[in-house]
Each structure stands twice: as C-alpha cells, then as structure tokens.
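One structure below.
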Amino acid sequence: MSSSGSDPRLPSAAKPFSRAPQDVPPELPVDYSGFIAVLCAVVGAMFRYKLGSWLAIIFCAQSLVNMKNMENDLKQISMAMMFAIMGLVTNYMGPRPPVSKT
C-alpha cells in the first residue's frame with residue numbers, strides 16, 4: 001500500500017455523520033365537511049336518495065371554500081362531487097321504479 005505521508009485525508013478533521021432534522025409538516029385538522037360530502041354522495045348514488053346528493057353538493061362547496069391542503073382536499077372534493085352529480089343524474093333522469101297497483 002502507500003505510505004501515510006502521501007495520504008491527503010486528515011483523520012483528525014473527520015466528523016461523525018449526523019442526520020439533519022427533517023421538517024415535519026404540521027398535522028392539519030380533518031376536513032369534516034369533505035368527509036360528510038363523500039358519505040352523502042355515496043348514500044345518494046347507491047340508495048337513490050335525492051337529499052343525500054344535494055347535501056353532498058352543499059358540503060362539497062363548503063369544503064372547497066375552506067380548503068387547506070390543495071392536493072389531498074381537491075382529490076376528495078372532486079370524488080364527492082362526481083358521486084353527487086352521478087346520484088342526481090340517476091335520480092332525476094334514470095328509469096322510474098315500477099308503480100304497484102293496489
């Protein structure tokens with residue numbers, strides 16, 4: 001090997017590695033209006049409740065106004081809005097249920 005005189009490294013100047021503290025994003029409060037919008041939209045679309053779809057649209061608008069985290073909240077709001085619109089379309093333009101004669 002080579003002699004220690006030609007080694008350019010300085011062992012006395014070596015410092016142990018310490019990981020830099022990472023910036024942890026603060027915990028954002030839960031968007032309850034977005035969560036309620038998703039629930040109402042699913043209920044309106046699956047069980048064909050007009051009120052559920054209309055409530056989902058109202059809660060979507062409220063959640064859109066109070067949006068904190070652009071990426072995650074926008075995904076949730078868009079999903080709830082699509083379910084709400086799908087529920088309204090199926091409720092108002094879908095086939096009529098058969099009327100029983102008694």
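Along the sequence shown, the residues carry numbers beginning at 1. The figures that follow rest on heavy atoms only: side chains count, while hydrogens, waters and symmetry mates do not.
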Counting only heavy atoms not in Met46, do more than 12 sit closer than 6.0 Å to its CE atom?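 Count not over threshold, so no.
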Could you give the side-chain donor-acceptor pairs of residues 11-19 under 3.5 Å, partners two or more places apart or in another chain?
none

Between Met81 and Leu74, is there shared hydrophobic-cluster membership here, with clusters defined by ILVMFWY side-chain heavy atoms closer than 4.5 Å?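 As far as the 4.5 Å side-chain criterion goes, Leu74 and Met81 are not connected within one cluster.
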For Phe35, which fellow cluster members are found when Ile, Leu, Val, Met, Phe, Trp and Tyr are connected by side-chain heavy-atom distances below 4.5 angstrom, either directly or through intermediates?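 Leu39, listed by chain and number.
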For residues 33-51, which residue pairs pass the side chain to side chain donor-acceptor pair (under 3.5 Å) check, not counting sequence neighbours?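 Qualifying pairs: Asp31-Ser33.
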For Met79, enumerate each residue passing the side chain to side chain contact (heavy atoms under 4.5 Å, CB included) test, keeping only those at least two apart in sequence or located in another chain.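 Residues passing side chain to side chain contact (heavy atoms under 4.5 Å, CB included) with Met79: Val38, Phe83.
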Pair up each side-chain donor or acceptor in residues 53-62 with any protein partner under 3.5 Å, not counting sequence neighbours, and list the distances.
| unit_1 | atom_1 | unit_2 | atom_2 | d |
| --- | --- | --- | --- | --- |
| Trp54 | NE1 | Tyr92 | OH | 3.2 |

